[in-house]
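Take a look at the structure set out below.
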There are 2 protein chains.
Amino acid sequence: MTALVAPAEPEISARQAEVLDAVLRQLVTDGNSLTMSAVARRASCSKETLYKWFGDRDGLLNATVKYQAARVHVAAVGPDPLDRSALTARLESFAINWLTVISSETSLALNRVAIGQAGADKSLGAIVLANGRFALGSRMKPVLEAGRKAELLAFEDAEEAFRTLFGLVARDVQIRLLLGDSPSLDPESIRAEASRAIGQFFALYGAQPGGGKAAP
Amino acid sequence: MTALVAPAEPEISARQAEVLDAVLRQLVTDGNSLTMSAVARRASCSKETLYKWFGDRDGLLNATVKYQAARVHVAAVGPDPLDRSALTARLESFAINWLTVISSETSLALNRVAIGQAGADKSLGAIVLANGRFALGSRMKPVLEAGRKAELLAFEDAEEAFRTLFGLVARDVQIRLLLGDSPSLDPESIRAEASRAIGQFFALYGAQPGGGKAAP
DNA sequence: GCCGAACCGTAACGTTCGTTACGGTGCGTT
DNA sequence: AACGCACCGTAACGAACGTTACGGTTCGGC
């Protein structure tokens, strides 16, 4: 449904990247009340330049979301040794990365503005979704299928298995963070959360020695 | 005439409830761009009345959130027969109710405005959280603990078990809906989703005949 | 019938903010 | 040196909107 193609997107200069970084900082500190004047002030540029480069306020937001999405790309999947411990390590690494991203102030601020606009203009939400949830799924599914091929996992639909993994990892953390709650998420507890989630995922989808499925 | 429950909260008259319903409809149709004029027009009342009753725009939003939260209260937990099938039925009923609520346009609109304001003013987010996620937890934990007492479930921390249940039920649905994606959520698939989630929950936390724990 | 309270509809005020326009500055090119 | 270009800083315009004020209407109580 969502293919990741090499972006023929507008090339961004170094100066423009600085401006988009300023937008991100502004979003983090001042929330959704993002004014063009505040961005210009923080980026030490003129509003005229903002409008010349990004068209209007919406274009600036879109460019910022795409810019941040491009930065978040974690290391792609390498070749697959694929024994049980390697698979566990890779799954846990994904879980740790995901939890770290969704608890970062930058990601939270972007998700908040995208969700705030999701009623009227769905474009921001679609971009966030494509580069967050769906990009993660695209990267995870080959891993899951490799695990199945190695008879370490058992499932019928990789998408379904990934969605369950998603739920086990995120639980109520994302919605609580988005709503302003702050459950403790230091790197220590993130690692513990990831380990628990992967353990539970194996309990549900780990291949039985007999070859049966663990859950309906 | 007579209040169903007596909230120490500001009493709302029938007419005021009509106004708050108008706010909800307005939020659903026009998204976050909620203007006082639009509310007054839709509720067939004057702006002066809005300000007299609710103070300011923020007061109106707070009253709306509380109003909707009060309506959502599902039936409280009754006495506990508590065999395996009764526990399953109760858990599935909670899951169905939760999925139905979070996929309703009303809940989505309220969550969107609360999240949109979570950067600056956390009060709306706190209210939504208290009446959504945390109210659900309060109602679920006694059920879970009764299940443990009946030796149908095995866990150490009810809060942890509930959070996992939350993740198994919601998975990626809530964030996708908030961001404007629309995965199919007819009552049929909601029931199927709930059944799957509860099955997986039992696979993780169901008491073993031997009395051990299923997952770390 | 009369009075006051509550409420409706609308006009008006002031602020914020997106957007545009204008003058000034540093810099590379000829 | 002169020119053009890209950019900065700021002022100004206009629309949207929160908030307030005012005149007209309905309705219950005396």
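To find a chain, count down the sequence lines: A is the first, B the second, and so on, and within it residues start at 1.
Contact annotation for A/L60: no contact, since no heavy-atom pair falls under 4.0 Å across all strands. Nucleic acid contact class of B/R15 (heavy atoms, under 4.0 Å, all strands): sugar-phosphate only.
A salt bridge between A/R133 and A/E159 is present, with a side-chain N of the basic residue lying under 4.0 Å from a carboxylate O of the acidic one. Using a 4.0 Å cut-off between a side-chain N of Lys or Arg and a carboxylate O of Asp or Glu, A/E18 and A/R25 do not qualify as a salt bridge.
Below 30°, between 30° and 60°, or above 60°: for B/Y205 and B/F201 the angle between ring planes is between 30° and 60°, a tilted geometry.
Residue side chain B/E48 reaches the base of C/dC8 through a donor-acceptor N/O pair under 3.5 Å, judged by distance alone. One cannot find a donor-acceptor pair under 3.5 Å joining the base of D/dT20 and the side-chain atoms of B/K47.
Phosphate contact (OP1/OP2 of C/dA6, side-chain N/O of B/W53, threshold under 4.0 Å): absent. At the phosphate of D/dC7, neither OP1 nor OP2 sits under 4.0 Å from any side-chain N or O atom of A/T49.
Counting to the nearest Å, the P atom of D/dT20 and the CG atom of B/D56 are 9 Å from each other. Distance CG (A/L50) to C1' (D/dG9): 13 Å, rounded to an integer number of Å. Taking atom CD on B/Q16 and atom P on C/dC8, their separation rounds to 11 Å, with Å as the unit. Spacing between atom CZ of B/F54 and atom C1' of D/dT20 amounts to 18 Å, rounded to whole angstrom units. Distance NZ (B/K52) to P (C/dA6): 6 Å, rounded to an integer number of Å. In this structure, CE of A/M36 is placed 17 Å from C1' of D/dA11, rounded to the nearest angstrom. One interatomic measurement links the two molecules: CD of A/E18 to C1' of D/dC7, which rounds to 13 Å at whole-angstrom precision.
Set against D/dG9, C/dC8, C/dG18, the side chain of A/R57 has C/dG18 as its closest nucleotide. Of all nucleotides listed (D/dT19, C/dT19, C/dC8), C/dT19 comes nearest to the side chain of A/Y51. Listed candidates were D/dT19, D/dG18, C/dG9. Nearest to the side chain of B/T35 is D/dG18.
A/T49 and A/R15 are not linked by any side-chain donor-acceptor pair at a separation below 3.5 angstrom, with hydrogens and angles left out of the test.
With rounding to the nearest 0.5 angstrom, the CZ atom of B/R176 is 4.0 Å from the CZ atom of A/F134.
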